[in-house]
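Encoded as structure tokens, the structure appears first; notes follow it.
The chains referred to below are lettered A, B, ... by the order of the sequence lines, with proteins before strands, and numbering in each begins at 1. Excluded from the calculations below are hydrogen atoms, water molecules and symmetry mates; all remaining heavy atoms, backbone and side chain alike, are included.
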Amino acid sequence: MRYLPLTDADRGEMLSVIGAPDVDALFTDVPAAHYLKEPIEGLPLHASEMAVEKHMRRLSKKNLAAADAAFFCGAGAYRHHVPATVDHLIQRGEFLTAYTPYQPEIAQGTLQMLFEFQSQVARLYGCAVANASMYDGSTACWEAVAMAARVTRKKRVVLSGALHPHYAETVRTMAKFTEDEIAGALPTMQGAPDIDGLIARIDEATSCVVVQYPDILGRVYDMTPIAEAAHAKGALLIAVNTEPVALGACRSPGEMGADIVVGEGQSLGVGLQFGGPYLGLFAVRDPKHVRQMPGRLCGETVDAEGKRGFVLTLSTREQHIRREKATSNICTNSGLCALAFTIHLTLLGEKGLRALAAENHRLACVAADRLAEVPGVTVLNDSFFNEFTIVLPTDARAVVRTLAERKVLAGVSLGRLYPGNDDLSGGLIVAVTETSTEEDIATLCSALKEVLA
Amino acid sequence: MRYLPLTDADRGEMLSVIGAPDVDALFTDVPAAHYLKEPIEGLPLHASEMAVEKHMRRLSKKNLAAADAAFFCGAGAYRHHVPATVDHLIQRGEFLTAYTPYQPEIAQGTLQMLFEFQSQVARLYGCAVANASMYDGSTACWEAVAMAARVTRKKRVVLSGALHPHYAETVRTMAKFTEDEIAGALPTMQGAPDIDGLIARIDEATSCVVVQYPDILGRVYDMTPIAEAAHAKGALLIAVNTEPVALGACRSPGEMGADIVVGEGQSLGVGLQFGGPYLGLFAVRDPKHVRQMPGRLCGETVDAEGKRGFVLTLSTREQHIRREKATSNICTNSGLCALAFTIHLTLLGEKGLRALAAENHRLACVAADRLAEVPGVTVLNDSFFNEFTIVLPTDARAVVRTLAERKVLAGVSLGRLYPGNDDLSGGLIVAVTETSTEEDIATLCSALKEVLA
Amino acid sequence: LEEPLIFEIGGSETTGVDLPEPSEGANRLGGMARTEPFGLPGLSEPETVRHYTRLSRQNYAIDLGLFPLGSCTMKHNPRLNEKVARMPGFADVHPLQPVDTVRGALEVINELAHWLIELTGMHGVAMTPKAGAHGELCGILCIRAALEAKGDARKVILVPESAHGTNPATAAFAGYAVEDIPATPEGRVDLEALKARLGPDVAGVMITNPNTCGLFERDMKAISDAVHAAGGYVYCDGANFNAIVGRVRPGDLGVDAMHINLHKTFSTPHGGGGPGSGPVVLSEALAPYGPLPFTARRPDGTVDLIEEENAGEEHPLSFGRMSAFHGQMGMFTRALAYILSHGADGLRQVSGDAVLNANYLLRSLEDVLDAPFAFSGPCMHEALFSDRGFADGLTTLDLAKGMIDEGFHPMTMYFPLVVHGSMLVEPTETESKAGLDQLVVALRSLAERARAGDMSLKNAPIHAPRRRLDETLAARKPVLAWSEPDVPAGHPTRSEQGGS
Amino acid sequence: LEEPLIFEIGGSETTGVDLPEPSEGANRLGGMARTEPFGLPGLSEPETVRHYTRLSRQNYAIDLGLFPLGSCTMKHNPRLNEKVARMPGFADVHPLQPVDTVRGALEVINELAHWLIELTGMHGVAMTPKAGAHGELCGILCIRAALEAKGDARKVILVPESAHGTNPATAAFAGYAVEDIPATPEGRVDLEALKARLGPDVAGVMITNPNTCGLFERDMKAISDAVHAAGGYVYCDGANFNAIVGRVRPGDLGVDAMHINLHKTFSTPHGGGGPGSGPVVLSEALAPYGPLPFTARRPDGTVDLIEEENAGEEHPLSFGRMSAFHGQMGMFTRALAYILSHGADGLRQVSGDAVLNANYLLRSLEDVLDAPFAFSGPCMHEALFSDRGFADGLTTLDLAKGMIDEGFHPMTMYFPLVVHGSMLVEPTETESKAGLDQLVVALRSLAERARAGDMSLKNAPIHAPRRRLDETLAARKPVLAWSEPDVPAGHPTRSEQGGS
């Protein structure tokens with residue numbers, strides 16, 4: 001086996017040092033009845049790199065890669081161009097094969113990168129402090145809800161109907177443990193989100209209000225009134241963002257009064273990857289909330305010679321120290337994805353992020369205008385950044401499947417996200433990024449026209 | 001421009017330090033008549049990474065990649081599976097973006113690698129010393145011819161008819177300078193090479209005899225009689241090898257008395273790459289010939305503290321020291337390709353190289369047997385390693401083109417290599433490596449059967 | 001050279017990408033256009049490459065040397081797996097594409113799931129948990145759902161003293177009261193004490209096997225039987241599955257749920273702290289409660305996705321969704337490539353070599369380092385030592401930091417908690433004998449210095465990018481984000497200059 | 001930790017690949033089967049990754065820092081280009097596939113050739129030369145072929161004193177007598193001296209422009225006119241084309257042949273010493289003699305390959321083939337991606353920033369380092385300094401080695417030969433002002449130490465993987481390959497054990 005350096009000669013020598021006749025003798029604590037005598041049944045013997053690569057390539061080719069299609073899927077995961085530099089750098093062995101930086105003297109590379117990452121996320125979100133990342137946006141959203149309960153010592157959670165349904169489901173599942181009460185809703189199929197309706201659901205028992213920005217239908221709106229209403233009742237506003245590129249064009253949630261801002265960072269550096277691994281972002285506007293934050297934090301300090309250095313800090317919040325008193329059971333972050341994100345954002349910088357956002361918005365406006373001209377299609381949104389919802393006169397799920405056969409991945413149907421809601425079944429979320437060309441948009445429109453005709 | 005770090009503010013500051021009004025003022029030595037006022041005509045303005053990648057991908061897709069075909073091309077370039085580790089390691093910035101190791105204190109990585117490479121090549125070839133690589137096999141072959149003239153002080157070069165015709169052409173072209181006399185021939189279309197005929201062409205004026213092993217038609221044979229005959233006339237035997245994997249199964253040229261062994265190293269680590277960059281290997285059997293060798297040499301020494309270290313050495317042979325008295329004008333090696341080769345060979349080791357060679361030979365034997373069963377096809381070779389020549393009853397060039405339309409890349413026709421020689425036009429060189437499957441072989445045979453029918 | 005922060009070298013007008021200049025034109029941002037600057041620094045591409053390349057060189061990593069980190073399993077990460085994960089059909093597909101366009105990706109998930117089930121002898125597997133700790137939550141949720149389905153609201157989870165910190169954290173987080181199970185003097189769960197505690201209030205136990213002392217729980221089957229008899233479920237922390245893969249199937253030992261850290265047993269890269277992936281294998285009793293979504297192979301061989309849309313018919317008892325989308329696809333491809341590369345014979349060799357390497361270290365060091373459980377026989381994949389015998393004033397921490405100067409990553413320190421000054425050493429199967437012999441030489445020398453009272457160890461490390469760092473300062477006055485320093489007049493920072 | 005040689009850690013039974021065990025069976029090796037062992041060591045995959053990763057860290061590289069290496073042009077290597085070169089349609093195609101299956105690859109060659117011609121204002125280009133020096137041979141072969149076609153057997157090539165060492169080596173190798181052209185006091189070719197030497201025996205001149213003193217040859221056009229009038233040809237060494245790309249077209253200056261080092265001007269990676277690529281642009285007079293093969297775009301847009309098979313009609317005057325196959329494809333894809341990325345505006349910016357950076361260094365250092373030609377105006381892309389003013393016993397070499405301790409690669413030393421103790425500094429356009437300022441600080445400090453006679457510079461470098469190496473020993477007793485050491489009885493080496 002190419003990954004196993006011991007030779008039979010080595011094994012013999014080592015066994016004689018140990019004083020064991022063979023390797024099986026080292027497993028004497030395993031009761032004989034449960035010790036397998038033979039290799040696992042059904043699993044083939046070891047295979048060459050070439051054979052494994054061929055097998056995996058065959059499976060890979062059974063998928064329609066986005067690059068081979070006219071591609072408009074979003075709804076929580078976005079296709080952006082990731083500079084080649086990003087993938088090159090994250091594959092450096094010193095990053096790829098490093099351990100969690102618990103030994104800071106030999107982990108300054110990871111630690112400084114995390115400090116820079118935290119600083120970037122905080123600025124992007126308009127917050128004071130961000131952590132070193134979570135699993136993904138949906139679990140970060142749940143952690144924010146749990147944190148709000150710790151901060152407010154209340155249990156009623158108000159979810160916006162326009163929160164990504166997977167995020168809402170994740171909150172609902174995890175709330176089974178904590179017995180938080182979850183008040184959810186479906187999205188309103190209107191040009192603008194129903195802010196008054198949401199505010200009306202906030203009461204004195206509310207720990208937090210969870211909104212998405214831009215929301216699941218792509219709408220961009222002012223969160224300030226919601227923040228004010230929440231704060232008036234002693235609740236926190238949690239803002240969820242699934243498309244960080246939007247913040248290159250739109251005001252930040254922190255600016256508008258969100259107390260906790262969480263999101264999915266996949267857009268920058270990470271890629272689609274069929275849904276994972278992704279990158280949970282988590283930040284708080286008020287530094288006094290830091291000690292209630294979940295997840296790892298990297299902080300600045302000095303070494304024994306007075307040189308600046310970085311360490312994981314405030315770990316008394318964490319499970320490996322606190323055991324059953326930890327703020328969360330999270331013990332991993334999404335380190336390599338955070339690295340990809342921070343490299344991509346460093347390459348962009350403020351100038352590049354603004355330009356990228358502008359290009360996304362420009363193309364999305366083009367697409368919305370063209371789609372509105374397709375007979376039977378209505379564009380729902382009054383406002384949007386790079387995705388918006390169109391309403392078709394028929395079940396959008398079927399349309400999406402039909403278009404996929406023509407290598408047009410038209411978007412994500414509301415019917416798939418909200419099965420069993422006939423009112424939503426005509427809805428289709430269309431995302432347009434800098435990777436979509438005007439030719440792709442034309443392809444989508446003409447294919448849609450034919451299918452709807 | 002993403003590759004240019006200066007900002008306009010920087011440029012302004014720097015110009016004021018220099019005392020120049022603008023950048024154009026730094027080009028005052030260029031006569032105004034020849035200083036372009038405008039960007040080069042026709043060339044588009046700078047483009048995003050995404051745009052360039054798309055353009056190049058479009059061109060890439062216009063080619064039939066070997067992985068998408070039943071593939072049997074050889075004749076000097078071979079497709080082998082290169083472990084992913086190789087490409088990962090050669091892309092480390094410290095290797096990829098390093099300079100020629102003229103400052104050995106900060107280039108030990110490249111130098112030690114080259115020392116290991118030289119040692120591996122010498123052992124593979126059965127020689128005493130190998131250099132740090134040349135451009136490719138064909139230019140290494142020419143350098144060997146030139147070296148033989150320096151050693152023997154004679155000028156007549158006898159080329160085997162079964163030497164790769166591109167190599168023979170290269171020697172012929174370069175000999176225009178040195179006025180060496182080149183005696184060439186066409187390959188004999190027989191099961192075994194015409195050794196007696198070759199020996200008969202050696203005379204007292206001969207500086208060297210150049211043979212290929214395995215030869216252009218794939219034949220493996222004993223070089224000892226040729227070496228003896230050459231030595232008897234005071235000539236050197238130069239053995240050319242284009243497939244190093246063959247030496248995992250076959251006796252080395254050095255063992256059989258070749259004085260200079262050169263070859264193409266592309267098979268290990270480098271890949272097909274449409275012909276370049278490749279890797280010239282160059283070794284001598286007798287250490288006393290070292291000072292007549294062309295190209296870089298890396299040698300062991302110690303540093304000021306007595307630690308082992310490596311340096312480029314014997315550079316008095318080289319052009320940057322000797323100017324017009326250099327042994328060759330070569331000033332570059334194929335460093336990164338040498339790195340890929342040495343990593344691949346280290347992964348293989350003796351055990352892996354033998355196994356790889358055995359698998360190549362096994363599959364080639366299968367292919368030869370199956371092809372012999374196709375009506376109209378004759379297998380020419382008495383002996384072969386992983387490539388052999390078949391003779392078709394028609395022009396093989398046309399057959400190859402027809403098969404390519406069916407995604408069968410059947411091999412290299414002799415008609416392409418030796419245009420204008422009707423006697424050879426039925427010949428087709430078929431190479432079979434570990435990347436060829438038995439299914440590919442069956443595809444080739446059935447396609448050939450149909451085309452010949 | 002010290003590497004500055006991107007905020008110290010970048011500028012707001014510098015960028016490492018080429019994009020069209022934003023034009024005036026359509027603006028449908030609902031009046032929410034950003035007007036304030038972010039303060040995000042940009043670097044050109046060459047500066048970016050250099051910054052991160054230099055930073056990387058301040059890290060230790062598996063690619064540089066041995067990582068004898070007990071319980072965390074740092075082993076070779078094959079580059080084939082990196083290549084496979086980047087194939088366009090896996091890396092460039094959207095999680096919500098129509099299933100007909102992602103059958104191959106679903107096959108990867110299903111094929112990996114199949115082999116995880118076969119290797120563990122279980123009934124089903126939840127693929128979506130995003131890390132080991134997330135998998136623990138998944139397992140506990142299944143137990144809870146199964147109990148609820150029986151109308152049984154038990155509130156206690158038993159956890160051995162030596163458990164991973166995540167175990168009690170998970171159980172507590174999930175609303176359970178956590179109670180300790182004591183250990184026997186030889187470092188295993190005390191079966192009799194466990195049996196004595198079992199009762200109608202105990203929802204289950206969480207056990208690590210092999211345990212964190214590096215020992216196999218001989219009584220595992222008896223424990224499971226007792227727990228099942230008392231109406232509870234057995235959760236096994238699978239962090240140490242790499243010690244027994246191919247040789248022992250947890251399902252045969254009565255386990256109901258076990259997470260598998262793909263990076264530990266199946267070698268997905270650690271990445272400086274993630275991303276992880278923690279699939280949870282489930283017994284027949286718990287499988288019906290597992291989370292959405294998952295995959296199912298149809299009789300015709302195609303693989304389908306079971307999600308909210310079709311779960312009503314296919315998986316009605318599911319406790320729900322734990323996260324968006326389908327799990328850590330990028331880790332699945334790597335883990336599957338690893339399993340297929342090793343095959344049945346190779347995986348058995350993996351656990352054999354891992355255990356052989358650990359026992360070789362144990363026996364090569366027990367005369368100079370206290371090995372509290374060495375008397376009780378072979379260890380599994382990790383060897384446990386302690387600081388007993390060190391001179392006064394020298395601790396496990398000092399020895400560990402001394403390892404850095406010898407060119408190694410420190411071992412796991414002060415874990416498990418059941419042994420004072422513990423040092424848990426896990427070499428893994430991907431280390432050569434020559435590498436282990438170097439480690440032995442270094443550790444013997446350090447142990448002798450610690451026993452002899454060589455106080456210079458207190459200064460270790462000295463051959464590292466940094467000396468020991470002031471963690472107290474970091475926690476007392478947290479600086480968690482960069483802010484512009486106060487700058488003397490006349491020296492504007494680069495980013496204040498609006499470019500550089 | 002010192003990294004041993006693969007021969008010291010590998011074994012003949014160890015391998016890092018999985019292949020079927022060789023079986024008995026068919027053997028058609030003509031009796032030539034190998035029986036003797038090679039003595040080639042193998043390493044497992046994890047050992048291999050670690051060996052080369054550790055080795056790599058003993059190198060300095062562009063990714064780590066500035067490389068002020070005059071005349072060698074070490075600049076940023078974009079990673080996009082690495083990605084492009086690895087696209088399967090370029091990396092996984094055989095050079096002798098039928099042309100219909102490689103039209104895209106031929107288009108790459110043709111498109112690059114087109115832009116090289118446009119950027120240089122020439123008539124044709126030979127794409128096959130494999131490096132700059134190979135390109136020089138190509139150019140000289142063209143000149144020779146053109147002269148021969150006229151029945152003119154001239155035997156002298158004129159080369160300026162300051163030429164790259166390859167120039168006279170090439171001319172001599174090609175059988176020409178090489179004669180020097182003197183320089184003017186300000187570091188340029190002496191036009192009058194050149195004119196005086198021209199005559200019917202002079203085949204041509206080889207001139208570097210910008211020249212190796214970092215100056216533009218103002219009289220280039222006059223030189224060309226004089227040479228042409230005397231019946232000779234002008235070869236231009238294009239190593240410094242990066243200083244003028246987008247601003248000056250050598251064709252406009254009367255050049256007949258010029259090689260372009262793709263790694264210098266178009267940023268293909270240097271790779272620790274190759275592979276290079278040296279296309280040669282040719283004037284209308286020389287283009288008909290260029291080597292085979294090359295590409296031609298047909299009126300319908302398709303690109304064809306011109307090789308032996310069809311050269312008779314298409315290119316009958318070719319001097320022949322210089323190497324197997326079609327040139328350095330892997331470098332062509334990278335160079336084309338670079339040209340398209342920069343575009344017409346970016347390439348002009350490239351030369352502008354390269355020259356700006358060099359002049360900034362020249363003016364920031366001329367008060368502490370002797371700059372022999374600084375008086376004569378701006379330099380081009382490199383600034384020339386000398387050791388004049390250093391204290392006795394300290395040399396250019398000492399200052400250069402001192403740079404290593406400051407974290408930089410040394411500049412080019414003792415080249416060009418026309419200046420005593422010369423130091424040629426080329427920052428390139430991919431360095432930031434902040435990086436240049438750091439270099440200035442370091443060089444000023446070193447220059448002051450050298451002037452003050454600080455003999456500790458003799459010990460430099462001390463912060464490097466090695467101290468100064470004994471090059472004399474290496475040359476006097478060459479050890480050019482590893483051999484088994486004499487081993488004391490009882491200590492067999494790993495490879496002698498037949499395994500590890």
Original post:
Which atoms form the tightest heavy-atom contact between B:Arg123 and D:Trp482, and what is the distance?
Top reply: NH2-O, 3.2 Å
Original post:
So which of D:Gly16, D:Pro37, D:Ala174 has the largest heavy-atom pair count under 4.5 angstrom toward chain B?
Top reply: D:Ala174
Original post:
For the side chain of B:Ser60 and the backbone of D:Gly89, is there at least one donor-acceptor N/O pair under 3.5 Å apart?
Top reply: yes
Original post:
Thinking salt bridges, do D:Asp353 and B:Arg11 make one under a 4.0 Å N-O criterion?
Top reply: yes
Subject >> Over all atoms of both residues, closest heavy-atom pair of B:Ile40 and D:Glu118 >> reply: CD1-O, 4.0 Å
Original post:
Does the side chain of B:Thr346 come under 3.5 Å of the side chain of D:Tyr52 through a donor N or O and an acceptor N or O?
Top reply: yes
Original post:
Cation over ring, D:Arg218 on B:Tyr35, under 6.0 Å and within 45°?
Top reply: no
Subject >> D:Thr35, part contacting chain B, at a heavy-atom distance under 4.5 Å >> reply: backbone
Original post:
Would you say B:Thr301's side chain and D:Leu469's backbone share a donor-acceptor pair under 3.5 angstrom?
Top reply: no
Subject >> chain B contact via D:Phe38 - which portion, at a heavy-atom distance below 4.5 Å >> reply: both
**OP:** Answer yes or no: is there a donor N or O on one side and an acceptor on the other, between the side chain of B:Asn63 and the main chain of D:Gly104, under 3.5 Å?
**Re:** yes
Subject >> Shortest non-hydrogen contact from D:Asn59 toward B:Phe95 >> reply: ND2-CD2, 3.8 Å
Original post:
In terms of the angle between their ring planes, are D:His409 and B:Tyr99 parallel, tilted or perpendicular, with boundaries placed at 30° and 60°?
Top reply: perpendicular
Original post:
Given a strict heavy-atom distance threshold of 4.5 Å, which part of B:Tyr221 is in contact with chain D: side chain, backbone, both, or neither?
Top reply: backbone
Original post:
For chain B, which of D:Gly30, D:Pro269, D:Gly175 has the most heavy-atom pairs under 4.5 Å?
Top reply: D:Pro269
Subject >> side chain to side chain contact (heavy atoms under 4.5 Å, CB included) evaluation trace for B:Gln103 with D:Leu69 >> reply: CA-CA 11 Å; B:Gln103 298 287 345; D:Leu69 202 57; 6.0 Å; no
Subject >> Worked check of side chain to side chain contact (heavy atoms under 4.5 Å, CB included) between D:Glu45 and B:Leu347 >> reply: CA-CA 6 Å; D:Glu45 188 178 295; B:Leu347 278 167; 4.2 Å; yes
Subject >> Smallest separation among heavy atoms of D:Leu480 and B:Thr313, with atom names >> reply: CD2-CG2, 3.7 Å
Original post:
Between D:Asn357 and B:Leu6, does a side chain to side chain contact (heavy atoms under 4.5 Å, CB included) hold up when you go through it step by step?
Top reply: CA-CA 9 Å; D:Asn357 278 353; B:Leu6 297 186; 3.4 Å; yes
Original post:
In terms of heavy-atom proximity below 4.5 Å to chain B, should D:Asn459 be classed as side chain, backbone, both, or neither?
Top reply: neither
Subject >> Backbone of B:Pro419 reached by a side-chain donor or acceptor of D:Glu309 within 3.5 Å >> reply: no
Original post:
Counting only N and O atoms by type, is there a donor-acceptor contact under 3.5 Å from the side chain of D:Arg144 to the main-chain atoms of B:Lys176?
Top reply: yes
Subject >> Residue B:Glu359 versus chain D: region with a heavy atom under 4.5 Å >> reply: side chain
Subject >> Part of B:Leu353 within contact of chain D (heavy atom distance under 4.5 Å) >> reply: side chain
Original post:
Does the D:Arg34 side chain pair with the main chain of B:Cys250, one donor and one acceptor, at a distance under 3.5 Å?
Top reply: yes
Subject >> Step-by-step side chain to side chain donor-acceptor pair (under 3.5 Å) determination, D:Arg321 to B:His166 >> reply: CA-CA 7 Å; D:Arg321 177 180 285 272; B:His166 287 181; 3.3 Å; yes
Original post:
Taking the six-membered ring for Trp, are D:Phe325 and B:Tyr278 parallel (under 30°), tilted (30 to 60°) or perpendicular (over 60°)?
Top reply: perpendicular
**OP:** Could you look at D:His342 and say if it's the side chain, the backbone, both or neither that has a heavy atom under 4.5 Å from chain B?
**Re:** both
**OP:** Go through the atoms of D:Leu64 and report whether side chain, backbone, both or neither lie under 4.5 Å from a heavy atom of chain B.
**Re:** side chain
Subject >> Region of D:Glu431 in contact with chain B, defined by heavy-atom distances below 4.5 Å >> reply: backbone
**OP:** Against chain D, label B:Thr110 side chain, backbone, both or neither, depending on which of its atoms sit under 4.5 Å from a heavy atom there.
**Re:** both
Subject >> Interface residue of largest heavy-atom contact number with chain B, from D:Gly346, D:Pro98, D:Ala324, D:Pro478, under 4.5 Å >> reply: D:Ala324
Original post:
Side chain, backbone, both or neither: which part of D:Asp345 has a non-hydrogen atom closer than 4.5 Å to chain B?
Top reply: both
**OP:** Please confirm whether the backbone N or O of B:Leu4 pairs with a side-chain atom of D:Gln349, one donor and one acceptor, at under 3.5 Å?
**Re:** no
Original post:
Contact part of D:Ala105 toward chain B, heavy-atom cut-off under 4.5 Å: side chain, backbone, both or neither?
Top reply: both
Subject >> Residue B:Met174 versus chain D: region with a heavy atom under 4.5 Å >> reply: side chain
Subject >> Minimum-distance pair of heavy atoms, taken over all atoms of D:Val17 and B:Gly352 >> reply: CG2-CA, 4.2 Å
Original post:
Can you list the steps and then say if B:Cys73 with D:Leu96 is a side chain to side chain contact (heavy atoms under 4.5 Å, CB included)?
Top reply: CA-CA 7 Å; B:Cys73 299; D:Leu96 299 177; 5.9 Å; no
Original post:
Do any N or O atoms from the side chain of B:His361 and from the backbone of D:Arg28 form a donor-acceptor pair under 3.5 angstrom?
Top reply: yes
Original post:
Which bit of D:Val84 comes within less than 4.5 Å of chain B, counting heavy atoms only: side chain, backbone, both or neither?
Top reply: side chain
**OP:** Name the option with the most non-hydrogen atom pairs under 4.5 Å to chain D; the candidates are B:Ala107, B:Ala130, B:Ala358, B:Ala20.
**Re:** B:Ala107
Original post:
What part of B:Arg57 is in contact with chain D, defined as an atom under 4.5 angstrom from a non-hydrogen atom: side chain, backbone, both or neither?
Top reply: both
Subject >> side chain to side chain donor-acceptor pair (under 3.5 Å) involving B:Arg416 - partner list, sequence neighbours excluded >> reply: D:Glu307
Original post:
If every non-hydrogen atom of B:Phe115 is compared with every non-hydrogen atom of D:Val479, which pair is closest and at what distance?
Top reply: CE1-O, 3.3 Å
Subject >> Part of D:His51 lying under 4.5 Å from any heavy atom of chain B >> reply: side chain
Original post:
What part of D:Gln97 lies closer than 4.5 angstrom to a heavy atom of chain B: side chain, backbone, both or neither?
Top reply: both
**OP:** For B:Glu305, look at atom CD and say whether over 12 heavy atoms of other residues, nucleotides or ligands are found less than 6.0 Å away.
**Re:** yes
**OP:** Sort D:Pro88 into side chain, backbone, both or neither according to what part of it lies under 4.5 angstrom from a heavy atom of chain B.
**Re:** both
Subject >> Which atoms of D:Met74 approach chain B - backbone, side chain, both or neither, heavy atom under 4.5 Å >> reply: side chain
**OP:** Kindly say whether B:Gly275 contributes a backbone atom to a donor-acceptor pair with the side chain of D:His326 at under 3.5 angstrom?
**Re:** no
Subject >> Main-chain N/O of D:Arg466 paired to B:Glu105 side chain as donor or acceptor, under 3.5 Å >> reply: no
Subject >> Step-by-step salt bridge (charged side-chain N to carboxylate O under 4.0 Å, His left out) determination, B:Arg92 to D:Asp63 >> reply: CA-CA 9 Å; B:Arg92 278 186 63 82; D:Asp63 280 7; over 6 Å; no
**OP:** Please state whether the side chain, the backbone, both or neither of B:Leu345 comes within less than 4.5 Å of a heavy atom of chain D.
**Re:** both
Original post:
Tell me, side chain or backbone of B:Ala192 under 4.5 Å from chain D's heavy atoms, or both, or neither?
Top reply: neither
Original post:
Rounded to the nearest 0.5 Å, how far does NZ of B:Lys351 lie from CD of D:Glu13?
Top reply: 5.0 Å
